[in-house]
Amino acid sequence: MPAAGTSTKSDERRRAIVAAAVECFAQKGFYGTTTHEIADWVGVSQPYLYRLYPNKEALFAAVVDHVSVVMTDTLVAHSPAPGAAGPGPEAALDAARDAYAALVADRNILRFLMHANCAVGEPLVAQAVRRCYAKQVDTVRQLLGDDDAVRRWFGAGMLDNVVAVLGLADIDEPWAHVLANQ
């Protein structure tokens, strides 16, 4: 009999737990979410969840790693094909921003990422968040070409986060128009 957490069924449940954890942590953050809530969402027992993840911090770090892969895959999928005549630097930055905007249109991803940044006081979470940023820096550097473009993308992304999470595109106020670039 395979060890706990190594079967195909365990892999499916692990994916279901990670998906549920994104939803739960996006709503209440690391500190406000219980593993019992996540287990209930998936329909597994809390002891089973702990067989797969030794503690909430390890689960949260695994979710950060998952979201990092989703972010990377989204950015790469929206980039020009290798060997194709690439767009200019500003067009490439706009394409990367559009890819990120498509990703965070799922507000749970955006909220989860914000909560992840807030939970870096937990050592495993801090390591996972740093891995996520490192991966995004490497990916964006490959797509956009240089460190200055990476900094511009991250700066624009932070503004995009504020616009998305506050729903500024739907607010008819001058200050909202400025931030949403409307």
Side-chain angles (χ1 to χ4, degrees), residues 14-15 17-27 29-30 33 53 57-171 175-182:
R14 191 180 302 270
R15 284 189 293 275
I17 289 167
V18 166
V22 169
E23 303 291 320
C24 292
F25 287 132
Q27 297 307 312
F30 176 79
T33 302
Y53 300 95
E57 188 179 358
L59 172 58
F60 195 92
V63 177
V64 171
D65 290 337
H66 164 75
V67 169
S68 180
V69 169
V70 171
M71 289 174 64
T72 299
D73 291 349
T74 300
L75 288 170
V76 170
H78 286 82
S79 67
E90 288 305 314
L93 177 61
D94 288 343
R97 284 183 75 185
D98 289 345
Y100 182 73
L103 175 70
V104 299
D106 174 353
R107 296 286 167 82
N108 284 326
I109 294 285
L110 176 57
R111 287 185 185 115
F112 173 79
L113 289 168
M114 291 179 157
H115 282 296
N117 286 321
C118 293
V120 295
E122 306 299 325
L124 285 178
V125 174
Q127 291 170 10
V129 169
R130 288 182 190 119
R131 279 193 307 272
C132 180
Y133 275 105
K135 180 65 176 165
Q136 301 322 305
V137 167
D138 289 344
T139 301
V140 172
R141 184 183 294 125
Q142 288 174 7
L143 296 175
L144 300 183
D146 63 33
D147 291 349
D148 186 52
V150 170
R151 285 187 293 276
R152 285 187 323 202
W153 184 79
F154 271 91
M158 294 298 150
L159 176 59
D160 293 342
N161 288 348
V162 170
V163 169
V165 81
L166 295 178
L168 296 185
D170 300 326
I171 295 177
W175 67 270
H177 291 284
V178 169
L179 293 177
N181 197 25
Q182 296 176 330

A.B. asks: Applying side chain to side chain donor-acceptor pair (under 3.5 Å) as the test, list every pair that has at least one member in residues 118-130; sequence neighbours left out.
C.D. replies: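 Matches after skipping sequence neighbours: Tyr31-Glu122.
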A.B. asks: Output yes when a side-chain donor or acceptor of Glu23 lies under 3.5 Å from a complementary backbone atom of Asn108, and no otherwise.
C.D. replies: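 Judged by distance alone, no pair lies under 3.5 Å.
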A.B. asks: Measuring from Leu59:CG to Leu124:CG, what's the distance to the nearest 0.5 Å?
C.D. replies: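 Here the interatomic distance stands at 11.5 Å.
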A.B. asks: Test Met71 against Leu113 for side-chain contact (heavy atoms from CB on, under 4.5 Å), laying out the working first.
C.D. replies: CA-CA 11 Å; Met71 289 174 64; Leu113 289 168; 3.9 Å; yes
A.B. asks: Check the pair Asp98, His78 against side-chain contact (heavy atoms from CB on, under 4.5 Å), reporting the backbone distance first and the verdict last.
C.D. replies: CA-CA 8 Å; Asp98 289 345; His78 286 82; 5.9 Å; no
A.B. asks: Should the pair Phe112 and Phe60 be assigned to parallel (<30°), tilted (30 to 60°) or perpendicular (>60°) ring geometry?
C.D. replies: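 It falls in the tilted class, 30° to 60°.
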A.B. asks: From the options Leu143, Val137, Leu75, select the one residue that forms a side chain to side chain contact (heavy atoms under 4.5 Å, CB included) with Trp153.
C.D. replies: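 That would be Leu75; it is the only one of Leu143, Val137, Leu75 passing the side chain to side chain contact (heavy atoms under 4.5 Å, CB included) with Trp153.
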A.B. asks: Quick one: which residue pairs count as a salt bridge (Lys or Arg N to Asp or Glu O under 4.0 Å) with a foot in residues 153-166, not counting sequence neighbours?
C.D. replies: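 Qualifying pairs, neighbours excluded: Arg97-Asp160.
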A.B. asks: Below 4.0 angstrom, N of the basic side chain to O of the carboxylate: do Asp147 and Arg141 qualify?
C.D. replies: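 Salt bridge between Asp147 and Arg141, a charged N being under 4.0 Å from a carboxylate O: yes.
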A.B. asks: Pairs in or reaching into residues 115-145: which pass ring-ring contact (aromatic ring centres under 6.0 Å, His included), with residues at least two apart or in two chains?
C.D. replies: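 Qualifying pairs: Tyr133-Phe154.
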A.B. asks: List the atom of Val120, the atom of Asn117, and the distance in Å for their closest heavy-atom pair.
C.D. replies: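 Closest heavy-atom pair between Val120 and Asn117: CG2-O, 3.4 Å.
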A.B. asks: Kindly write out the residues that satisfy side chain to side chain donor-acceptor pair (under 3.5 Å) with Arg111, not counting sequence neighbours, or none if the list is empty.
C.D. replies: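 Checked Arg111 against side chain to side chain donor-acceptor pair (under 3.5 Å); zero matches.
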A.B. asks: Show the numbers, then the answer: is there a side-chain contact (heavy atoms from CB on, under 4.5 Å) between Leu168 and Trp175?
C.D. replies: CA-CA 9 Å; Leu168 296 185; Trp175 67 270; 3.5 Å; yes
A.B. asks: If you look at every heavy atom in Pro123 and Glu57, which pair is closest and at what distance?
C.D. replies: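 Looking at all heavy atoms of both residues, the closest pair is N-OE2, 3.1 Å.
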A.B. asks: Using the ring-ring contact (aromatic ring centres under 6.0 Å, His included) criterion, which residues pair with Tyr53? Sequence neighbours excluded.
C.D. replies: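 For Tyr53, no residue satisfies ring-ring contact (aromatic ring centres under 6.0 Å, His included) once neighbours in sequence are set aside.
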A.B. asks: Residues in side chain to side chain donor-acceptor pair (under 3.5 Å) with Thr33, at least two apart?
C.D. replies: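 Thr33 satisfies side chain to side chain donor-acceptor pair (under 3.5 Å) with no other residue.
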A.B. asks: Sub-3.5 Å donor-acceptor pair from the side chain of Ser68 to the main-chain atoms of Val64, do we have one?
C.D. replies: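 No; judged by distance alone, with no hydrogens or angles, the pair does not exist.
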